[in-house]
Amino acid sequence: MNATHIAASRARAKVQTEMRSAGLGRLGNAVGSGSDLEKRGAVRSQGVGWSASGWVHIRSQSDRTVGAIEAYTSGADIAPRRGRWLWIPTDDIPARVGRRSITPDNYTKLGLATKIGPLVFVMTPSGHPLLVVKGASLSASGKSRSAKSLRKDGGLRKGQIAAETIVAFVGIRRTSRAARVDVPAIMREAQASLQGLIEQQLGRR
């Protein structure tokens with residue numbers, strides 16, 4: 001039980017480390033591990049012997065988070081679930097409000113239509129769809145996620161410069177995600193380490 005607990009903990013830590021290295025640190029927080037040792041030392045009878053296990057799992061209940069982890073660990077072809085476009089937020093608007101990721105559907109509900117401005121659909125001359133905000137402002141220092149509305153009198157807020165048009169979302173028909181973290185390889189490594197861990201634990205007796 002000690003050996004499987006250690007192996008699972010190390011595998012979870014390696015998955016999280018590789019996610020951070022791949023720029024997926026937030027998603028790594030949703031990965032957890034467990035073991036029979038943590039379940040009050042429970043073991044399962046198997047004929048004349050017994051078994052003990054450790055595991056790595058996604059502990060989040062969010063479909064969005066689960067889908068993102070599956071995409072970045074197994075690869076995926078992502079298409080819009082409804083409508084014609086998959087909308088990708090730009091670096092000028094907030095990526096999140098609290099725990100919620102920003103999408104065109106919740107942009108107004110989360111108050112950004114007031115803080116920045118309402119979204120307007122436009123099509124570029126080359127045929128690319130955009131959702132833009134007109135008559136807002138951006139950080140004068142070039143800071144990302146800095147879009148803000150003008151004051152009620154039309155003036156600029158401190159540290160902001162006027163922006164005639166800010167692109168908030170770019171629409172694409174579909175995109176793909178290549179696997180960035182090889183979870184099966186990490187689990188095979190954890191399994192291969194068990195014999196040495198068992199011998200190590202027996203040596204402590």
*Do L138 and K148 come within less than 4.5 Å of each other through their side chains, counting heavy atoms only?*
no

*For S60 and S62, what are the C-alpha separation, side-chain angles and deciding distance, and is it a side-chain hydrogen bond (donor to acceptor under 3.5 Å, both in side chains)?*
CA-CA 5 Å; S60 173; S62 165; 4.6 Å; no

_Whether over 12 other heavy atoms sit under 6.0 Å from R100 CZ_ = no

*Residues R180 and E18 bridged, charged N to O under 4.0 Å*: no

*Under a single-linkage definition using a 4.5 Å side-chain heavy-atom cutoff for Ile, Leu, Val, Met, Phe, Trp and Tyr, are I93 and V170 assigned to the same hydrophobic cluster?*
no

*Verify the neighbour count for atom CZ of R96: are there more than 12 heavy atoms of other residues, nucleotides or ligands below 6.0 Å?*
yes

_Separation of S9 OG from E38 CD (nearest 0.5 Å)_ = 6.5 Å

*asked:* Tell me if a side-chain donor or acceptor on S193 pairs with a main-chain N or O of A190 at a distance below 3.5 Å.
replied: yes

_Can you give me the closest heavy-atom contact between K143 and S146, atom names plus distance?_
O-OG, 2.8 Å

_Derivation and outcome, side chain to side chain contact (heavy atoms under 4.5 Å, CB included), residues M19 and T73_ = CA-CA 9 Å; M19 281 187 162; T73 56; 4.1 Å; yes

_Checking R10 against E189 for the salt bridge (Lys or Arg N to Asp or Glu O under 4.0 Å) test, could you report, in this order, the C-alpha distance in whole Å, the side-chain angles of both residues, the deciding distance, and whether it holds?_
CA-CA 10 Å; R10 288 179 178 175; E189 182 180 323; over 6 Å; no

_Minimal non-hydrogen separation, V167 against T90, with atom names_ = O-OG1, 2.7 Å

_D92 vs R145, salt bridge (Lys or Arg N to Asp or Glu O under 4.0 Å): CA-CA, chis, key distance, verdict_ = CA-CA 4 Å; D92 286 332; R145 315 292 181 190; over 6 Å; no

*Check H128 against M123 and note the closest heavy-atom contact, atom names and distance.*
C-SD, 3.5 Å

*asked:* Are V120 and V122 packed together at the side-chain level, in the sense that at least one heavy-atom pair is separated by less than 4.5 angstrom?
replied: yes

*asked:* Donor-acceptor pair, distance only, cut-off 3.5 Å: does the side chain of Q201 make one with the backbone of I198?
replied: no

*Please assess I88 against I172 for the test side chain to side chain contact (heavy atoms under 4.5 Å, CB included), listing each intermediate value before the final yes or no.*
CA-CA 8 Å; I88 310 299; I172 59 176; 4.1 Å; yes

*Can you tell me if N106 uses its side chain to pair, donor with acceptor, with the backbone of S101 under 3.5 Å?*
yes

*Counting only N and O atoms by type, is there a donor-acceptor contact under 3.5 Å from the side chain of Q16 to the main-chain atoms of V31?*
yes

*For residues F121 and P129, report the shortest heavy-atom separation together with the two atoms involved.*
CE1-CB, 3.7 Å

*Under 4.5 Å between any side-chain heavy atoms of Y107 and V133, yes or no?*
yes

_Contact between V181 and I186 at the side-chain level, heavy atoms closer than 4.5 Å - yes or no?_
yes

*Rounded to the nearest 0.5 Å, what separation is found between the CZ atom of R59 and the NE2 atom of H57?*
7.5 Å

*In terms of hydrophobic clusters joined by side-chain contacts under 4.5 Å, are M187 and I69 together?*
yes

*Criterion side chain to side chain contact (heavy atoms under 4.5 Å, CB included) on L110 and I102, from CA distance to verdict*: CA-CA 8 Å; L110 295 176; I102 299 300; 3.5 Å; yes

*asked:* I'd like to know if W85 and L119 are part of one continuous hydrophobic network [Ile/Leu/Val/Met/Phe/Trp/Tyr, side-chain heavy atoms within less than 4.5 Å].
replied: yes

*Check whether V183 and L27 end up in the same hydrophobic cluster, where Ile, Leu, Val, Met, Phe, Trp and Tyr are linked by side-chain heavy atoms less than 4.5 Å apart.*
yes

*asked:* Could you check whether any side-chain heavy atom of W55 comes within less than 4.5 Å of a side-chain heavy atom of S33, counting everything from C-beta outward?
replied: no

*Is there a donor-acceptor pair under 3.5 Å between the side chain of S137 and the backbone N or O of L150?*
no

*So which heavy atom on F169 is nearest to which on T103, and how close?*
CZ-C, 3.7 Å

*Donor-acceptor pair, side chain of R151 and main chain of L156, under 3.5 angstrom*: yes

*Over all heavy atoms of both residues, which pair between S53 and D36 is shortest? Give the atoms and the distance, please.*
N-OD2, 2.7 Å

*asked:* Would you say L112 ends up clustered with L130 if hydrophobic residues are merged whenever their side chains have heavy atoms under 4.5 Å apart, either directly or through other cluster members?
replied: no

*Kindly say whether I116 contributes a backbone atom to a donor-acceptor pair with the side chain of S149 at under 3.5 angstrom?*
no

